[in-house]
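Whatever order the structure lists them in is the order used to number ligands and atoms, beginning at 1.
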Amino acid sequence: MEPRRAIVSLTKCNACHSDLEAHGRNRNQIEHCVECHNPTLTDAARRTPAQMPAESVNFSSMIHRIHTGTTQGRPYVIYGFGGSANDFSKAALPTDARNCSACHINNTERLPIAPNLQNVVDPRGWLTNPGPAGAACLSCHTSKDAAAHVQLTTAPLGESCNVCHGPNSAFSVAQAHAQ
Ligand code: HEC
Ligand code: HEC
Ligand code: HEC
Ligand code: HEC
Ligand code: HEC
């Protein structure tokens with residue numbers, strides 16, 4: 001099987017985490033995280049009917065949201081083992097969130113992203129099934145206005161983001177996040 005595209009590296013994560021491990025020692029590789037944390041995975045299995053709708057744990061959505069918890073403007077709570085509520089609303093990066101390369105390698109935060117990626121199941125988002133680029137951007141840009149902008153620029157044919165946020169465009173991802 002062809003290896004999946006590399007987007008972030010554990011070495012970068014561990015500049016802050018020293019030894020990142022989630023769910024115990026046997027799952028401490030990024031490549032393993034995304035085997036489960038795919039675009040359709042939510043915490044639905046751990047919620048009671050009263051706690052629905054479920055929350056997305058798609059890897060990019062989850063990691064972006066966890067590290068911008070204080071600026072999300074809404075709770076980001078994932079129900080885990082035994083129905084425990086993990087509230088990440090108070091977590092934040094100790095650096096400017098525009099510093100994408102704190103996690104990303106090889107400018108993978110920029111558009112365009114790979115073609116033919118899946119839409120993201122996001123039951124608690126303004127858009128409950130955004131396209132792959134839209135979902136990545138909206139996991140930090142949480143306003144209703146931003147979601148409406150993404151909705152408007154997503155055509156039946158697909159996302160049109162690269163027209164204005166592509167590498168040579170006036171509002172390229174690099175330009176937009178320059179500090
Ligand atoms: C610039 C520093 C920094 C970088 C880089 C970073 N993190 Fe974090 N991360 C944090 C901080 C700070 C928290 C919040 C800790 C807290 O409040 O307990 C956090 C929380 C988390 C959490 C929530 C659970 C926990 O362990 O506290 C996960 C999961 C996580 N980070 C994964 C990652 C992954 C995966 C990467 C790389 C793709 C990454 N982090 C990169 C600083 C960073
Ligand atoms: C075998 C599948 C699987 C793998 C591999 C996996 N996860 Fe998870 N993870 C889940 C599921 C499913 C949930 C949703 C809550 C639940 O069902 O327990 C979750 C929830 C989480 C949560 C939020 C709840 C909590 O327990 O803190 C964090 C943070 C997390 N995963 C981080 C990671 C990271 C980082 C990796 C890779 C190092 C990883 N996971 C690998 C399946 C997995
Ligand atoms: C705390 C770590 C962290 C930071 C900081 C971060 N990202 Fe990400 N980003 C991730 C993770 C983790 C993924 C999913 C990686 C995977 O699927 O292998 C991701 C995925 C993405 C994707 C989808 C890429 C693809 O090919 O599927 C885009 C686009 C993106 N991020 C944009 C950004 C932008 C823009 C910034 C800065 C303004 C940023 N990210 C900052 C962790 C981070
Ligand atoms: C890791 C979080 C993160 C991700 C992911 C992210 N951004 Fe941003 N972005 C920011 C922050 C922080 C700013 C500074 C202004 C602010 O706080 O909204 C910003 C600013 C911008 C701006 C300048 C206009 C403004 O609102 O200030 C544009 C345009 C922009 N981002 C586009 C994008 C696009 C397109 C994507 C997806 C490819 C994306 N962003 C993904 C965090 C992020
Ligand atoms: C016709 C041009 C155009 C297209 C197409 C377009 N955008 Fe934008 N976008 C803009 C402009 C202009 C801004 C505002 C830039 C600024 O204020 O610096 C913006 C801002 C944004 C912001 C920041 C919003 C905020 O206020 O927080 C995000 C996120 C974003 N775009 C994502 C996307 C995504 C995802 C797509 C594709 C689904 C997309 N855009 C398509 C022109 C466009």
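Atom 4 (C) of ligand 5 has its nearest heavy-atom neighbour, among Cys164, Ala176, Gly134, in Cys164. Atom 34 (C) of ligand 5 has its nearest heavy-atom neighbour, among Ser143, Cys137, Cys161, in Cys161. The option from Ser101, Cys103, Ser139, Ala133 that lies nearest to atom 3 (C) of ligand 3, judged by heavy atoms, is Cys103. Distances from atom 28 (C) of ligand 2 to the heavy atoms of His17, Met62, Arg47, Glu31 put Met62 nearest.
Using a 4.0 Å cut-off between charged side-chain N and carboxylate O, Arg47 and Glu55 make no salt bridge. A salt bridge does not link Arg124 with Asp43: none of the charged nitrogens is closer than 4.0 Å to a carboxylate oxygen.
There is no protein heavy atom less than 4.0 angstrom from atom 17 (O) of ligand 5. Within a 4.0 Å radius of atom 41 (C) of ligand 5, the protein contributes at least one heavy atom.
Atom 11 (C) of ligand 3 has as its closest protein heavy atom Val8 CG1, 3.7 Å. Regarding atom 36 (C) of ligand 3, its nearest protein heavy-atom neighbour is Cys100 SG, 2.8 Å. Closest protein heavy atom to atom 22 (C) of ligand 5: His149 CD2, 4.3 Å. Nearest protein heavy-atom contact of atom 23 (C) of ligand 3 is Ala136 CB, 4.1 Å. Among all non-hydrogen protein atoms, the one lying nearest atom 27 (O) of ligand 3 is Arg5 NH2, 2.7 Å. Nearest protein neighbour of atom 25 (C) of ligand 5, counting heavy atoms only, is His141 ND1, 3.6 Å. Remark: minimum distance from atom 15 (C) of ligand 5 to any protein heavy atom is reached at Phe171 CD2, 3.6 Å.
A distance-only check finds no donor-acceptor pair linking the side chain of Ser60 to the backbone of Ala136 [under 3.5 Å]. In terms of modelled atom types and a separation under 3.5 Å, the side chain of Lys12 and the main chain of Ile105 share no donor-acceptor contact. Between the side chain of Gln175 and the main chain of Ser172, no donor-acceptor pair closer than 3.5 Å is present.
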Is there a side-chain contact (heavy atoms from CB on, under 4.5 Å) between Gln72 and Arg65? Walk through the geometry before answering. CA-CA 7 Å; Gln72 286 283 315; Arg65 281 177 178 151; 3.5 Å; yes

Evaluate Asn38 against Val34 for side-chain contact (heavy atoms from CB on, under 4.5 Å), listing each step before the verdict. CA-CA 6 Å; Asn38 62 48; Val34 295; over 6 Å; no

Using the side-chain contact (heavy atoms from CB on, under 4.5 Å) rule, take Asn119 and Asn129 through it: C-alpha gap first, then chi angles, then the decisive distance, then the call. CA-CA 6 Å; Asn119 281 18; Asn129 195 28; 3.3 Å; yes

When you look at Thr42 and Val121, which way does the side-chain contact (heavy atoms from CB on, under 4.5 Å) test go after all the steps? CA-CA 8 Å; Thr42 71; Val121 172; 4.1 Å; yes

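With hydrophobic clusters built from ILVMFWY side chains whose heavy atoms lie under 4.5 angstrom apart, Phe88 does not share a cluster with Leu93.
Residue contacts with ligand 2, taken as heavy atom pairs separated by less than 4.0 Å, do not involve Glu35 at all. Both the backbone and the side chain of Ser60 come within 4.0 Å of ligand 3, judged by heavy-atom distances. In Ala97, the part holding a heavy atom less than 4.0 Å from any atom of ligand 3 is the backbone.
For ligand 3, one of its N or O atoms has an N or O atom of His64 under 3.5 Å away. For a threshold of 3.5 Å applied to N or O pairs, the pair formed by His165 and ligand 5 contains at least one separation below that value. Residue-to-ligand polar distances keep Glu109 apart from ligand 3: every N/O pair is separated by 3.5 Å or more. Annotation: Asn99 places no N or O atom under 3.5 Å from an N or O atom of ligand 3; distance criterion only.
The contact set between ligand 3 and His177, taken as ligand atoms under 4.0 Å from a residue heavy atom, comprises 35 (C), 38 (C). Near Tyr79, meaning under 4.0 Å from one of its heavy atoms, ligand 2 places the atoms 15 (C), 16 (C). Counting atoms of ligand 2 from 1 in the listed order, those under 4.0 Å from a heavy atom of Cys36 are 1 (C), 2 (C), 3 (C), 4 (C), 5 (C), 42 (C), 43 (C). The Ile63 neighbourhood of ligand 3 comprises atoms 1 (C), 2 (C), 12 (C), 42 (C), with distances under 4.0 Å to a heavy atom of that residue. Close approach of ligand 3 to Leu117 (heavy-atom distance below 4.0 Å) involves ligand atoms 27 (O). Less than 4.0 angstrom separates some heavy atom of Ile78 from each of these atoms of ligand 2: 23 (C), 24 (C). Close approach of ligand 5 to Thr153 is summarised as follows: ligand atoms under 4.0 Å from at least one heavy atom of the residue are 4 (C), 5 (C), 6 (C), 36 (C), 37 (C), 38 (C), 39 (C), 41 (C). Close contacts between ligand 3 and Arg4 involve ligand atoms 16 (C), 17 (O), 18 (O) [criterion: under 4.0 Å to a heavy atom]. Ligand 3 places these atoms under 4.0 Å from at least one heavy atom of Val173: 35 (C).
A donor and an acceptor atom, one from each side chain of His104 and Thr108, are located under 3.5 Å apart. Between Asp87 and Ser89, the side chains place a donor N or O and an acceptor N or O closer than 3.5 Å (distance only, hydrogens not considered).
Residues Asn58 and Pro39 meet the side-chain proximity criterion, which asks for heavy atoms closer than 4.5 Å. By the 4.5 Å heavy-atom criterion applied to side chains, Thr154 and His149 are not counted as neighbours. Between Leu111 and Ile113, the closest side-chain pair of non-hydrogen atoms falls below 4.5 Å. By the 4.5 Å heavy-atom criterion applied to side chains, Ser56 and Ser61 are counted as neighbours. Considering only heavy atoms from C-beta on, His37 comes within 4.5 Å of Met62 through its side chain.
Ligand 3 has at least one atom lying under 4.0 Å from a heavy atom of Leu93. At least one heavy atom of Arg46 sits less than 4.0 Å from an atom of ligand 2. Under a 4.0 Å heavy-atom criterion, Thr154 is in contact with ligand 5.
For atom 8 (Fe) of ligand 2, the set of nearby N, O or S atoms under 2.8 Å includes one belonging to His37. Among the atoms of His104, an N, O or S atom is found under 2.8 Å from atom 8 (Fe) of ligand 3.
In this pair, His165 and Phe171 present their aromatic rings perpendicular. The plane angle is above 60°, beyond the 30 to 60° band.
The only option from Val150, Asp122, Val120 that meets the side-chain contact (heavy atoms from CB on, under 4.5 Å) definition with Leu138 turns out to be Val150.
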